[in-house]
Protein chains: 2
Amino acid sequence: MKLRRSDYAILGLLRLGPGSGYDIKQRIDRSVAFFWNESYGQIYPRLKALEAEGLVKGRETPSARGGVRHVYSLTRRGAKALDAWIEEPVVPAPPRSELLLKLFIAGEPSLPALERHLVAHARDLRAELQQHAATHTLISDTEPGDVAWTLRRLTLDFGERTARAELAWAEHALEALGELT
Amino acid sequence: MKLRRSDYAILGLLRLGPGSGYDIKQRIDRSVAFFWNESYGQIYPRLKALEAEGLVKGRETPSARGGVRHVYSLTRRGAKALDAWIEEPVVPAPPRSELLLKLFIAGEPSLPALERHLVAHARDLRAELQQHAATHTLISDTEPGDVAWTLRRLTLDFGERTARAELAWAEHALEALGELT
DNA sequence: ATTTGCATGTAAAATGTTACATGATTGC
DNA sequence: GCAATCATGTAACATTTTACATGCAAAT
């Protein structure tokens with residue numbers, strides 16, 4: 001079976017420690033959501049497929065509240081597959097920004113709408129920056145300074161730098177639109 | 001028929017003037033490729049669908065070299081649909097950066113690979129910045145200063161600002177990796 | 001002769017999201 | 001009682017890329 005990017009994302013998040021499909025989704029939403037996302041509809045079927053391939057192994061544990069939890073952990077083969085993928089060249093995703101597309105194809109009558117979109121975008125970016133700042137202080141407390149810590153810190157830096165650049169652009173764009181009267 | 005994002009991209013590029021599927025692809029590659037992309041496998045079938053809906057109308061013209069060109073132009077209804085879409089709130093695409101994912105899930109043994117990826121990424125960004133600079137001087141010559149010009153100029157600004165921020169980050173990340181020895 | 005650019009299109013495969021379905025427990 | 005969180009999963013739908021197929025003309 002050829003693995004997809006989602007599979008590697010799942011394997012990678014399991015390297016942080018064993019977890020259920022639900023846990024994986026939580027980890028995504030709490031730490032990598034600003035550059036990676038997966039839905040349940042992707043996670044659950046893929047965990048089964050990965051188990052069939054022997055890249056993860058699952059075991060059933062009773063959950064704190066009655067139900068059954070399927071907790072998966074990375075196997076040695078899974079870790080190997082993951083490391084091999086990391087070695088491979090990065091495949092760049094074709095970019096798609098709906099906001100920029102609208103800017104590009106709009107005419108005069110659409111200016112008020114564009115202004116609304118830019119204001120909303122700036123708002124979202126400020127929220128993202130606040131979130132990043134919160135994460136920043138959170139991880140600064142437990143600063144181990146090891147490799148994994150440095151790498152995750154770098155992804156956060158990316159989020160902060162690009163969000164700041166985008167925010168500055170959005171503000172610049174709003175000014176420019178204002179000058180068109 | 002519910003229109004998809006690709007449809008609006010096609011309609012938008014036809015607003016620049018009538019053109020064939022081939023022309024549309026050229027326009028994309030030459031001006032919006034850094035924030036939007038479509039493949040032929042998308043463009044040709046969609047043009048037919050859009051014509052069936054009366055949003056574009058096609059006519060066959062002989063091409064300079066023998067064959068037949070299908071040249072499409074925007075209809076009044078097509079322009080209306082396009083403007084209505086621009087009014088709607090922007091739907092943010094869930095981000096996916098393979099590079100950052102690899103950073104996040106990598107361990108010590110992957111550091112040389114990460115360095116390679118970052119170097120390649122920095123190279124790509126420098127090429128993109130050069131391309132932007134070239135476009136910049138190109139459009140500065142014919143500076144009409146009207147609305148459409150300002151808006152396209154803003155998308156270019158976005159490309160330049162974010163590419164610069166990403167490049168600065170990549171260089172920072174390479175330094176940080178170097179310090180891990 | 002062969003590569004490059006112009007030009008159009010289809011079919012299959014890959015990939016992914018959304019909606020639906022179900023059910024327990026905890027805190028308000 | 002009700003909302004939120006925990007927890008798992010399927011099916012349908014939507015979307016898109018890739019590979020394939022074809023052919024002419026101009027330039028090298």
Side-chain angles (χ1 to χ4, degrees), chain A residues 1-10 13-14 18-30 33 35-52 56 58-72 85 91-98 101, chain B residues 1-10 13-14 18-30 33 35-52 56 58-72 85 91-98 101:
Chain A
M1 180 187 62
K2 212 205 154 194
L3 299 184
R4 13 178 132 170
R5 274 192 289 282
S6 296
D7 293 327
Y8 294 112
I10 291 169
L13 289 165
L14 282 181
S20 66
Y22 192 84
D23 292 336
I24 291 171
K25 177 68 169 152
Q26 298 304 305
R27 287 177 195 174
I28 290 172
D29 292 344
R30 284 176 195 163
F35 66 80
W36 199 269
N37 277 283
E38 296 293 346
S39 58
Y40 286 123
Q42 191 81 341
I43 293 170
Y44 284 116
R46 285 287 94 200
L47 277 171
K48 283 201 171 173
L50 289 171
E51 185 170 33
V56 302
R59 97 207 121 95
E60 307 201 351
T61 45
S63 82
R65 34 182 127 276
V68 183
R69 271 166 62 83
H70 277 220
V71 175
Y72 294 89
W85 178 70
V91 179
R96 286 199 142 192
S97 164
E98 209 180 289
L101 180 60
Chain B
M1 181 187 59
K2 211 205 153 195
L3 299 184
R4 17 180 126 169
R5 272 192 289 282
S6 296
D7 293 326
Y8 295 112
I10 291 169
L13 290 164
L14 282 181
S20 67
Y22 193 83
D23 292 335
I24 290 171
K25 176 70 170 152
Q26 300 302 307
R27 287 177 194 172
I28 290 172
D29 292 344
R30 283 175 196 163
F35 66 81
W36 199 270
N37 278 282
E38 296 293 344
S39 59
Y40 285 123
Q42 192 80 340
I43 294 170
Y44 284 115
R46 286 286 94 199
L47 276 172
K48 284 201 172 176
L50 290 171
E51 185 171 32
V56 302
R59 90 206 126 96
E60 306 201 351
T61 45
S63 82
R65 37 181 125 278
V68 183
R69 271 167 61 83
H70 277 219
V71 175
Y72 294 90
W85 178 69
V91 179
R96 285 200 142 190
S97 164
E98 208 180 290
L101 180 60

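Naming convention: chains lettered A, B, ... in sequence-line order (proteins, then strands); numbering from 1 in each chain.
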(request) Using atom CZ of A:R46 as one end and atom P of C:dT15 as the other, report the distance to the nearest whole Å. (result) 9 Å
(request) Can you label the angle between the B:Y72 ring and the B:H70 ring as parallel, tilted or perpendicular, going by 30° and 60°? (result) tilted
(request) Take the protein atom CE of A:M1 and the nucleotide atom P of C:dT15, then report the distance between them rounded to whole Å. (result) 11 Å
(request) Write down the distance between OH (B:Y40) and C1' (D:dC20), rounded to a whole number of angstrom. (result) 16 Å
(request) Please list, by residue number, the residues of residues 21-29 of chain A whose heavy atoms come closer than 4.0 Å to an atom of DNA chain C; answer none if no residue qualifies. (result) none
(message) Take N1-N3 plus N6-O4 or O6-N4 for Watson-Crick, N1-O2 plus O6-N3 for G-U, both under 3.5 Å. Which runs of 3 or more such pairs involve DNA chain D?
(response) C:1-28 with D:1-28
(request) Scan side-chain atoms only and decide if B:R46 and B:Q42 contain a donor-acceptor pair under the 3.5 Å cut-off. (result) no
(message) Could you measure the distance from the OH atom of B:Y8 to the CG atom of A:L101? Nearest 0.5 Å is fine.
(response) 11.5 Å
(request) Nearest whole angstrom, please: distance from the C1' of C:dG9 to the CD of B:E60. (result) 13 Å
(message) From NE2 of B:H70 over to P of C:dT10, roughly how many Å is that when rounded to an integer?
(response) 11 Å
(request) Measure the spacing between CH2 of B:W36 and OG of B:S6 and express it to the nearest 0.5 Å. (result) 6.5 Å
(message) Any heavy-atom pair between the side chains of B:Y22 and B:R69 that's under 4.5 Å?
(response) no
(message) For a 4.5 angstrom cut-off between non-hydrogen side-chain atoms, does A:D23 reach A:L13?
(response) no
(message) Check whether A:R59 reaches the backbone of A:V71 with its side chain - one donor and one acceptor, N or O, closer than 3.5 Å.
(response) no
(request) Take the protein atom CD1 of B:I43 and the nucleotide atom P of C:dA7, then report the distance between them rounded to whole Å. (result) 14 Å
(request) Could you tell me the separation between the CZ atom of B:R59 and the C1' atom of C:dT8, rounded to a whole number of Å? (result) 17 Å
(request) Take the protein atom OH of B:Y72 and the nucleotide atom C1' of C:dG9, then report the distance between them rounded to whole Å. (result) 10 Å
(request) Between B:K48 and A:G41, just flag the one whose closest nucleotide in DNA chain C comes earlier from the 5' side. (result) B:K48
(message) Between B:Q26 and B:S20, is there a side-chain heavy-atom distance shorter than 4.5 Å?
(response) no
(message) I'd like to know if the side chain of B:D7 and the backbone of B:R4 have a donor-acceptor N/O pair within less than 3.5 Å.
(response) yes
Which protein N or O atoms sit under 3.5 Å from an N or O of nucleotides 13-16 of chain D?
from, atom 1, to, atom 2, distance (Å)
D:dT16, OP1, A:R96, NH1, 2.3
D:dT16, OP2, B:S6, OG, 3.0
D:dT16, OP2, B:Q42, NE2, 3.0

(message) Are the side chains of B:I24 and B:E38 in contact, using a 4.5 Å heavy-atom criterion?
(response) no
(message) Within the 4.5 Å heavy-atom criterion, are B:L47 and B:L14 side-chain neighbours or not?
(response) yes
